[in-house]
Asker: 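Structure below; questions to follow.
This is a predicted model, so every value here is computed, not measured. To find a chain, count down the sequence lines: A is the first, B the second, and so on, and within it residues start at 1.
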Amino acid sequence: MPIIVELDVMLARRKMRSKELAERIGITEQNVSLLKSGKVKGVRFETLEKICEALDCQPGDILVFKAEE
Amino acid sequence: MTSLETTHMHRCSLPEETRQQRLNRIRRVSTCMQWVAAFICLLILITAGLVLAVVVNPALCPDVTATMIGLDDIKRPLGDIPLAQRMGLGVISTLAFAILLAVFVHVTQLFRRFRQADFFSSDSLRRMVSLGRWLMAFGVYDILCDPVASILSTLDLPKGQKSLALSLDGTELFFVTFGSLVLVFGWILREAALIQDENSQFI
């Protein structure tokens, strides 16, 4: 999939665990895992906003486009 | 005014109500209707048993069976009809009750699922589609039962007194139309379930 989710990288930079992020943004830990692994069809803007607020980052820090070769 | 502004105006005019209030309303009505439909199923079974018993043995209820068969111009006491023909009429009646029972069993089960907020499961969708098919089947049955029943009622009579009743009224058309509406609605719900499934994959 061309859109790569680098949430785990940002979590590591901010030294935050998935569980803490899930609690801060109000979604389940399972959904955070799905998001980290990229096994989702999409992210709502509302969720993305909360993630960026919690991790103090930009959407581009979490979502990266890599064209398929 | 653009179409977007018109849509926004329509959205603003709807009464404000939370999702929980809507679900509560669905649950209340579904709970009530589930019991009503279950009671109707019981009534159908009891009525079917009584009708079948009287058709097989009209002597059980002579006052009722004296004027039981009435199809348009045909007025004939049930007891005067030979047993074989009466059994045919019994089969027709049983078929009617069986279709009605199938309809109301599906209705009961659907309301039970709606009461549990189970709108889009494969079982709910399957029952909705089946309900539509059974309603249409009853409409078709209703169209065919009058001519068949009239033949069975008068088969033993001499030439010139046999009868064939044909009718097409609002009731038959209603069941066929409403049944096809429910059937298509079931298919539409299936599409809604696919959309809901896709939406659930958005975090």
Asker: For the CZ atom on B:Arg22, are there more than 12 heavy atoms of other groups (residues, nucleotides or ligands in this structure) within a distance under 6.0 Å?
Answerer: yes
Asker: Please round to the nearest 0.5 Å and tell me the distance separating atom CD1 of B:Ile203 and atom CD1 of A:Ile25.
Answerer: 9.0 Å
Asker: Nearest heavy-atom pair of A:Val40 and B:Gln201: which atoms, and what distance?
Answerer: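 A:Val40 and B:Gln201 have their closest heavy atoms at CB-O, 3.6 Å.
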Asker: Flag yes if more than 12 heavy atoms outside A:Arg14 fall under 6.0 Å of its CZ atom; otherwise flag no.
Answerer: yes
Asker: Decide if atom CZ of B:Arg126 counts as having more than 12 heavy atoms of other residues, nucleotides or ligands within a radius under 6.0 Å.
Answerer: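 Counting other residues, nucleotides and ligands, CZ of B:Arg126 exceeds 12 neighbours.
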Asker: Just wondering, more than 12 heavy atoms not from B:Lys162 lying within 6.0 Å of its NZ?
Answerer: yes
Asker: Work out which heavy atom in A:Lys41 is nearest to a heavy atom in B:Phe202; give both atom names and the distance.
Answerer: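 The answer is CB-CE1, 3.9 Å.
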Asker: May I ask you to name which of A:Thr28, A:Leu34, A:Ile27, A:Asn31 has the most heavy-atom pairs under 4.5 Å with chain B?
Answerer: A:Asn31
